[in-house]
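Structure record follows, encoded as structure tokens.
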Amino acid sequence: MSIFQLQCSIFMSLLTKYRSGLKAEIGIFFPMLILRVLENVLQPSFLQKMTILDMLEKIAGDSQIIIDIFVNYDCDVDSPNIFERIVNGLLKTALGPPPGSTTTLSAVQDITFRHESVKCLVGIIKSMGAWMDQQLKIGDSDLPSGSESETSAESHLTPSAEDGVVPDYELHLELNSELSDSATLEQRRAYKIELQKGVQLFNKKPSKGIEFLIKTKKVGNSPEEVASFLKKNTAGLNETMIGDYLGEREEFALRVMHAYVDSFNFKSIDFGEAIRFFLSGFRLPGEAQKIDRIMEKFAERYCKCNPNSFTSADTAYVLAYSVIMLNTDAHNSMVKDKMTKSDFIRNNRGIDDGKDLPEEYLGALYDQIVKNEIKINADSSVPQSKQANSLNKLLGLDGILNLVSWKQTEEKPLGANGHLIRHIQEQFKAKSGKSESVYHAVSDIAILRFMVEVCWGPMLAAFSVTLDQSDDRLTTTQCILGFRYSVHVTAVMGLQTQRDAFVTSVAKFTFLHCAADMKQKNVDAVKAIISIAIEDGNHLQEAWEHILTCLSRIEHLQLLGEGATTDASFLSVSNTEQSLMKKGTLQNPAVMAVVLGGSYDSTTVGVNSSRFVTPEQINHFIANLNLLDQIGNFELNHVFAHSQRLNSEAIVAFVKALCKVSMLELQSPTDPRVFSLIKLVEIAHYNMNRIRLVWSRMWNVLSDFFVSVGLSESLSVAIFVMDSLRQLAMKFLEREELANYNFQNQFLRPFVIIMQKSNSAEIRELIVRCISQMVLSRVTNVKSGWKSVFMVFTAAAADERKNIVLLAFETMEKIVREYFPHITETDATVFTDCVRCLIKFTNSRFNNDASLNAIAFLRFCAVKLAEGGFVCTNKRSDDGSSVSSINKDDSDVKGFAYIDDHGSYWLPLLTGLSKLTSDSRLDIRRSSVEVLFNILKDHGHLFSRVFWVGIFNSVILPIFDGVCGRREMPVKDEQNLPTLRSSHHDGSTWDAETSTVAAQCLVDLYIGFYSVLRPQLSNVLSVLTGYLRSSIQGPASNGVVAMFRLIGELGSRLSEEEWREICLAIKEAAISMFPGFMKLLRTMDDIEVPDNSPSRSSTEASTDHGFTDHELEDANLQTAAYVVSKMKSHIAVQLLIMQVIIDMYKTNLQFLSAANINIIVDIVSSVASHAQELNSETTLRKKIQKACSILELSDPPLVHFENEAYQNYLNFLQDLIKNNPSVVEKMNLESQLLAVCEKILQIYLNCTINQNTVQISVNKPTSRWVLPLGSAKREELAARTSLLVSALKTLSGLEKDRFRKYIASFFHLLVALIRCEHSSSEVQRVLSDLFQSSIGPIIKQ
């Protein structure tokens, strides 16, 4: 034993001091001397293995040796994976002999081996961390300072300078001045791993292995390159599988075998030695056909290299077979009857083409084979027994063990020292043929990634299994140290999967999810979790969730242990059991749930369990809770307070994880908790002083969390969350925000989203109260937050609850009245948000006073906007583009080709008021119209010409859509009565007063800004003529008044073209109504008006059709009533149009050209002709008169319409001829005047005709009976008398020459008048005067 220890001591010295110069030698000695003993699990020598474990502990203590071993051996294709085999060997030792296997170890020896192997693994991962920290210069890697159990694990083999020996790692730069590039090492390591994968696949199925190696370009795709790869006997290739592949009959494998054999040079080599040399690289397959193919090719190659050796290749082929059989016979212990020399010679007679080979030659060959067996290299791939999976499944250790590669080969014990030495000599001989390898040194910590990939699985399995199975304090402490060092390395290196695996394992070992089974080692695991959080928090990322879950569970258990009231007592609205639960109370459901326990991943423990909890279980649970007294509130809170020291990435990950844990706490169906929520508020407060970029990232996470929980179905949870958000907001508003920043707006954004989406009226009211409190108490500090404030109040204004609307408006009123300067202090664009909010309040249906006040505030806002002083330069976006205060895609902007900065603030205000003019409430409509036009009149001078165009298109004209954009037409439905759809553009109907105000305001605005708005004349005329076209007399009257005012104020300033535009607009308004109205009248053609005889109606109802006839008659009468109503309105409107056009002519005669006067004449003439056309519909008149009689309605004033139209026409022409003689001849007005007089006489005469008389014949008078006129005719004649008198007076007023010129055209009419019956003597008197004064003188001549 002392010799073995001496060997190990010498080897340790070589490894420590001279490893850079002995790379190849160490690569041979390490597996033979150390790994051979380490990997012997079942029957090791206790003293030898303890010596090896002690040596490995020293090696593990030197971080540079560990790194150098991995770099120079595990990353070298031609070297063994020493580091990987060390780790796997230690894992096997830590797990102990597989269950059911036979071992020579005692129980004490086995436990000792397990403990020491775990210490070695801890030492390895600790050294890796120390080297990493040294390279990163991040401080000492001794994480658990002060631990009592570290002393044994901290023993380092560090040569002292006093010995005068320089450690080998200090010589690295002298031996290899060029440090190895980590990228190159990565490629080498990846190449080696992939090559080994191909080798393993080859050893299972050679053809698949060769295919993989060719695909991954580890081997060329030619048969020669594959043969060369097999001939090199790459480490790990199974010689049996090589022989099996070479014997395949497939084309490619056959070509590989030929290339393999052809690569040998047998020239001048004895036949027996040639066979020995040939078979040294593979083992012949067992199938005869495969052997036949291989030996056939061998014989062919041998004869080609030695053409004079045999007569033919057949001789060599047969002799080769004989040699193989002789070798098996002579050296197989199972063969009893050995082949003699004579037998061998006899068996080979006649093989040389019928001749015998020399007996001396065959005898020498026999002696050579018998004395020296033909051997191949030892099998390099021995299958290894699998470890049985009989571990505790509570921790999921089966999955952990599956991560470990169990494919590492185990060296067979060689037995005698001579055998071992001979094996080493063979390896040295093999190495001597290769070029000398280079020793590499690295300083890049990236190499640790590959080391962790190799060792993390074995370490995780070793630490987990040992910690689960052992209760020994020293052993469990070592395992926990191993976990902590592993987390440190994997976290700093950013290896997420490995880091999370280690953290999850430690978290599971805390047993906080099943506290009833907790032991001291589990409490130590809790301490480790806290230490990891504090010391490696900057690198934990997603693993924070596991740590914070543990902290949450610790706090829960501590509350249960103290008997404090659970959070559920005030979070659950349905909780009726408000009793305080003392420690150990069986009735406490939270305690029962924890006692029953659950899985680590379950969010709630023991929820669905119906097991009964005994007092003994409760007492045991309480005793275990006492173990948690070792962890005080200080340690627990220190993790959260320490968040201030986390870097920018870590604090965001910490917040994300805490939000997840808090969400799980709050959503618990049985035991909701607010621990993590409270901590969220705390850490937000702790980290509020971070730079804005980091804080913004944090708040993005927190904001989403608060929104999600704020919309929770649990009212109590949502209220608690909103209160927490309020606390944060109040703290944040204490900090002053500089101009043009937007963080306050982001901070208050959760309030906005929850206000808009929450279905809970209580939450919405709470938000309004929170915002009101924050704003009114911190009004001087609110900057960009105003945007969110107004968005909250905008949502509140549209709320369905009256108290929420009024509460929000109360605050809004106070803000506008008292704090308006603060709104636009730093960001003028907030003004538009304020305006939109006020407009939303005007739409409230709960309180008209609030709506009216909101409109008044809009006018106040307009005044402030006009005063200026807060319209600052627009903010710049990140890309440098200007950020406008309005969205260019908004519907408010349609019609605006260009909006300047100033106009962008006016637009929302004006468009909002414009839309309010269509409100269904009268006072709101009226107020909005007045305020809108007052704002435009008072502040329109601030608008540019371009902006005014947009105002007209998008603000003013939409107000009058119902007036100028639609024509009222009757709609007849099968079931409903004919109705008239005369509504505004959103369905509301303007009252007469609002309509009047709007028309007058429009004209006043146009007159006031005529110089700017002059191009908008056509739009104004469109609106006013829309009034004129109305079938209702009220709007038409408003249009007439407005039109007259417009013309009266601007008459002298209008150009001829503008006058023409006005005249044509009025003409179009008048004439455009004729077709529609006549179409309406035609509906009477198909209607039969019933007689006004009760007896007839009763008879028809009872004898013919009964109730159906009544329905038809009622429908006809109602249609007739509708037509009568429309006729009356139509007549009134037409007379108004005639009146306005004549008045316009009289007051502006001096500004009207002949062309424009001609248009006026056409208008008057068209209306008069239309009146005469209506009155000539005799059948229609009778139907209408009959219907009016039945309905007890007054008849439409058709006669009056005709009389008034022609009277105005006549007077207009007389006035025109008298006062404007210059246009008389141009327009032939005298002929028109005589034509009008003639038409008047004809109309009067047609009225005097009785149906029972024959038609008047002027040329041939006939005698007939003339019946007296009825009363109706007399009344009509009386109505037409004044018009007739005017026409006769006009004729008598003509000059004699002109009268003589036209007398022939109307003389017969005058004669007919003499013979007619008149209702007034005035007609006869005027007619007599006409004959005496005008016709008499002509006759006398």
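Numbers here simply count residues along the sequence, with the first being 1.
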Apply the test side chain to side chain donor-acceptor pair (under 3.5 Å) to residues K1128 and S1194: give CA-CA distance (whole Å), side-chain angles for both, the deciding distance (0.1 Å), then the verdict.
CA-CA 10 Å; K1128 292 178 179 179; S1194 60; 2.8 Å; yes

Apply the test salt bridge (Lys or Arg N to Asp or Glu O under 4.0 Å) to residues R1053 and E1058: give CA-CA distance (whole Å), side-chain angles for both, the deciding distance (0.1 Å), then the verdict.
CA-CA 9 Å; R1053 302 164 67 181; E1058 288 171 330; over 6 Å; no

Please identify each residue that fulfils side-chain contact (heavy atoms from CB on, under 4.5 Å) with A1042, with sequence neighbours left out.
A999, Q1000, V1003, L1024

Does a side-chain N-to-carboxylate-O contact under 4.0 Å join R1045 and D1004?
yes

Describe, in one word, how the ring planes of F1009 and W948 are oriented to each other, choosing from parallel (under 30°), tilted (30 to 60°) and perpendicular (over 60°).
tilted

Decide if atom NZ of K937 counts as having more than 12 heavy atoms of other residues, nucleotides or ligands within a radius under 6.0 Å.
yes

Closest heavy-atom pair, V929 versus V997, reported as atoms and distance to 0.1 Å, is CG1-CG1, 4.0 Å

For the residue pair Y1206 and Y1209, categorise the inter-ring angle as parallel (less than 30°), tilted (30 to 60°) or perpendicular (more than 60°).
tilted

May I ask you to decide if D1162's main-chain N or O and S1166's side chain share a donor-acceptor pair within less than 3.5 Å?
yes

Please check if the side chain of Y1244 supplies one atom and the backbone of L1283 the other of a donor-acceptor pair under 3.5 Å.
no

Going by atom types alone, do Q1214 and T1290 pair a side-chain donor with an acceptor below 3.5 Å?
yes

List the atom of E1202, the atom of R1280, and the distance in Å for their closest heavy-atom pair.
OE1-NH2, 2.9 Å

Cationic N near anionic O, under 4.0 Å, R1060 to E1056:
no

I'd like to know if the side chain of T1119 pairs up with that of N1116 as donor and acceptor (distance under 3.5 Å, no hydrogens or angles considered).
no

Using atom types as modelled and distance alone, determine if a side-chain donor or acceptor of S1189 lies under 3.5 Å from a backbone N or O of Q1185.
no

Sorted by chain and residue number, the side-chain contact (heavy atoms from CB on, under 4.5 Å) partners of Q1139 (sequence neighbours excluded) come out as D1143

Do you see a donor-acceptor pair shorter than 3.5 Å between the side chains of Q1172 and N1175?
no

Between C1063 and M1144, the two heavy atoms sitting closest are SG-CE, 3.8 Å

Please list all pairs meeting salt bridge (charged side-chain N to carboxylate O under 4.0 Å, His left out) that have one or both residues in residues 1212-1223, counting only residues at least two apart or in different chains.
none

